[in-house]
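All values reported here derive from a predicted model rather than from experimental measurement. In what follows, every chain begins at residue 1, and chains take the letters A, B, ... in the order their sequences are listed.
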2 protein chains.
Amino acid sequence: MNIGQAAEASGVSAKMIRYYESIGLIPKTVRTEAGYRVYSDKDVHTLRFIRRARDLGFSVEQIADLVSLWQDRGRASKDVKRVALEHVETLERKIAELQEMAGTLKHLARTCHGDGRPDCPIIEELASDAGSVTSRPPPKFGTLGKISVRE
Amino acid sequence: MNIGQAAEASGVSAKMIRYYESIGLIPKTVRTEAGYRVYSDKDVHTLRFIRRARDLGFSVEQIADLVSLWQDRGRASKDVKRVALEHVETLERKIAELQEMAGTLKHLARTCHGDGRPDCPIIEELASDAGSVTSRPPPKFGTLGKISVRE
DNA sequence: GCTTGACCTTCCCATCATGGGAAGGATCAC
DNA sequence: GTGATCCTTCCCATGATGGGAAGGTCAAGC
């Protein structure tokens, strides 16, 4: 099977399959004489595993752990559980951070007329001289990076 | 005031101040003869405004809107409110997405012994042949990008 | 006046996962 | 054999941020 079919079957784009190969997440495939990558059903299975883990928000690094645990038949389930629960914690920290942003904004928006007049508590809060706009200001040297909410 | 002092006073790093200037979010500053950027208290005020908006998760693009609304004394508060509420919606979509991931994982983790034995529902779910791991699979051609949960 | 350290400048690189696209070769269906 | 569709590699872009190098500037202390 060529890369396009493997992509179709696994839900991982051809571009990403090549990328995963380049960073060593998946091994280099067999090639045809012409240099085309060739995939087996087993490879597709692995790719699907990876896609599911991505859908759950695991980083490529964590996925590498998960894949090797998956392929280690003697693994201890606690090792898998640990990876999963650590990720849950990360997710929950992010959720809390986003919720604080959304909460602050909703509160400000509630107090804003939202009509044709110029006075607006939202702008005023952003422009205020006081410390921080969030209740717990993001620690300058904290462990949490900026949250990305790009679409 | 030099860039370092402006950074200190505003909470925006010197690196980011230069970046914001380079992309046109803030205007080019006056320079000393030696080429050093010079900032006024008003500039610092603007930078602090920007930092607060960043803390609330607004993108640089949205911040550009907010800054120009801020500086437009005749703005309609509804224009500010719209930007804010659109961002709240984005935040809430992200929150829901992260919550779904966390929920799925917590459920799987609950059913995993987490001991020395190898059998693990988490891995099994990732490796399963069924469709998607999340209840509503991320639409392949949807409007929502991948969620970033990097730290 | 000269040295030293702290500051500033620009420029390039890295992140992380992903896609776009170009240039060129391979394969396949007709 | 020809055109369409695939594949290859390579480079670039995203978004906000930091790291760091190479070199210029400035102020304080001697």
Side-chain angles (χ1 to χ4, degrees), chain A residues 1-26 28-39 47 50-51 53-64 90 94 97 138-151, chain B residues 1-8 10-26 28-39 47 50-51 53-64 87 90 94 97 138-151:
Chain A
M1 171 176 7
N2 283 342
I3 198 169
Q5 295 160 307
E8 176 72 19
S10 66
V12 178
S13 72
K15 229 118 193 178
M16 290 313 297
I17 296 175
R18 293 194 197 98
Y19 171 70
Y20 291 152
E21 183 188 309
S22 80
I23 62 170
L25 177 58
I26 55 177
K28 296 199 173 164
T29 56
V30 180
R31 303 276 189 128
T32 65
E33 283 179 28
Y36 283 23
R37 289 173 180 80
V38 176
Y39 296 90
L47 287 168
I50 290 169
R51 182 183 56 74
R54 283 295 301 141
D55 289 348
L56 286 172
F58 285 101
S59 70
V60 165
E61 199 184 352
Q62 288 171 311
I63 294 174
T90 302
K94 301 294 174 183
E97 204 169 332
K140 258 194 197 123
F141 306 105
T143 58
L144 226 61
K146 274 289 174 205
I147 292 276
S148 158
V149 285
R150 265 172 269 128
E151 298 202 56
Chain B
M1 175 176 1
N2 283 344
I3 198 169
Q5 295 159 306
E8 175 72 19
S10 66
V12 178
S13 73
K15 268 252 108 106
M16 290 312 298
I17 296 175
R18 293 193 197 97
Y19 171 69
Y20 291 153
E21 182 187 308
S22 81
I23 61 171
L25 177 59
I26 55 177
K28 297 200 172 159
T29 57
V30 180
R31 302 279 188 126
T32 65
E33 280 179 30
Y36 282 24
R37 291 173 179 80
V38 176
Y39 296 89
L47 287 168
I50 290 169
R51 181 182 55 74
R54 283 295 302 138
D55 289 348
L56 286 172
F58 285 102
S59 70
V60 165
E61 200 183 351
Q62 288 170 311
I63 294 174
H87 183 46
T90 302
K94 301 294 174 182
E97 203 168 334
K140 260 197 195 121
F141 305 105
T143 57
L144 227 58
K146 274 287 176 208
I147 291 278
S148 159
V149 284
R150 267 171 267 129
E151 302 204 47

Checklist entry - In Å, rounded to the nearest 0.5 Å, how long is the span from CD of B:Gln62 to CZ of B:Arg54? => result 9.5 Å
Which atom pairs, one a donor and one an acceptor, fall under 3.5 Å between side chains of residues 31-38 of chain B and the rest of the protein, sequence neighbours left out?
from: B:Arg31; atom 1: NH1; to: B:Gly35; atom 2: O; distance (Å): 2.8
from: B:Thr32; atom 1: OG1; to: B:Ala34; atom 2: N; distance (Å): 3.3
from: B:Thr32; atom 1: OG1; to: B:Gly35; atom 2: N; distance (Å): 3.4
from: B:Thr32; atom 1: OG1; to: B:Tyr36; atom 2: N; distance (Å): 3.1
from: B:Arg37; atom 1: NE; to: B:Glu21; atom 2: OE1; distance (Å): 2.9

Checklist entry - Between A:Phe58 (CZ) and C:dT18 (C1'), how many Å, whole number? => result 20 Å
Next on the checklist: Please report the distance, rounded to the nearest Å, between CG in A:Asn2 and P in C:dG25.
Outcome noted: 19 Å
Checklist entry - If you round to the nearest 0.5 Å, how far is CD1 of B:Ile50 from CG of B:Asp55? => result 12.0 Å
Next on the checklist: Rounded to whole Å, please give me the gap between CD1 in B:Ile23 and C1' in D:dT17.
Outcome noted: 12 Å
Item to check | Nucleotide-resolved protein contact map, nucleotides 22-27 of chain D, B/S/- at heavy-atom distance under 4.0 Å | outcome: --BBS-
Item to check | Of all pairs that satisfy salt bridge (charged side-chain N to carboxylate O under 4.0 Å, His left out), the ones with a partner from residues 9-19 of chain A, not counting sequence neighbours | outcome: none
Checklist entry - Within the pair A:Arg37 and D:dT9, is there a side-chain N or O less than 4.0 Å away from OP1 or OP2? => result yes
Item to check | Counterpart residues, side chain to side chain contact (heavy atoms under 4.5 Å, CB included), relative to B:Val60 (two or more places apart) | outcome: B:Tyr20, B:Ile23, B:Leu25
Item to check | d(CG, B:Leu25; C1', D:dT17) in whole Å | outcome: 14 Å
Next on the checklist: Any residue in residues 15-22 of chain A with a heavy atom nearer than 4.0 angstrom to DNA chain D? Just list them by number, or reply none.
Outcome noted: A:Arg18
Checklist entry - Quick one: is C:dG19 close enough that its OP1 or OP2 comes under 4.0 Å of any side-chain N or O from A:Ser13? => result yes
Item to check | Whole-Å distance separating the CG atom of B:Asp55 from the P atom of D:dT17 | outcome: 9 Å
Checklist entry - To the nearest 0.5 Å, how far apart are CZ in A:Arg51 and OG in A:Ser13? => result 12.0 Å
Checklist entry - Taking atom CD1 of A:Ile17 and atom OG1 of A:Thr29, what is their separation to the nearest 0.5 Å? => result 9.5 Å
Checklist outcome for this item: Between the OG atom in B:Ser10 and the CE atom in B:Met1, the distance rounded to the nearest 0.5 Å is 9.0 Å
Item to check | From CG (A:Leu47) to CD1 (A:Ile3), nearest 0.5 Å | outcome: 8.5 Å
Item to check | Separation of atom CZ in B:Arg51 from atom C1' in D:dT17, rounded to whole Å | outcome: 16 Å
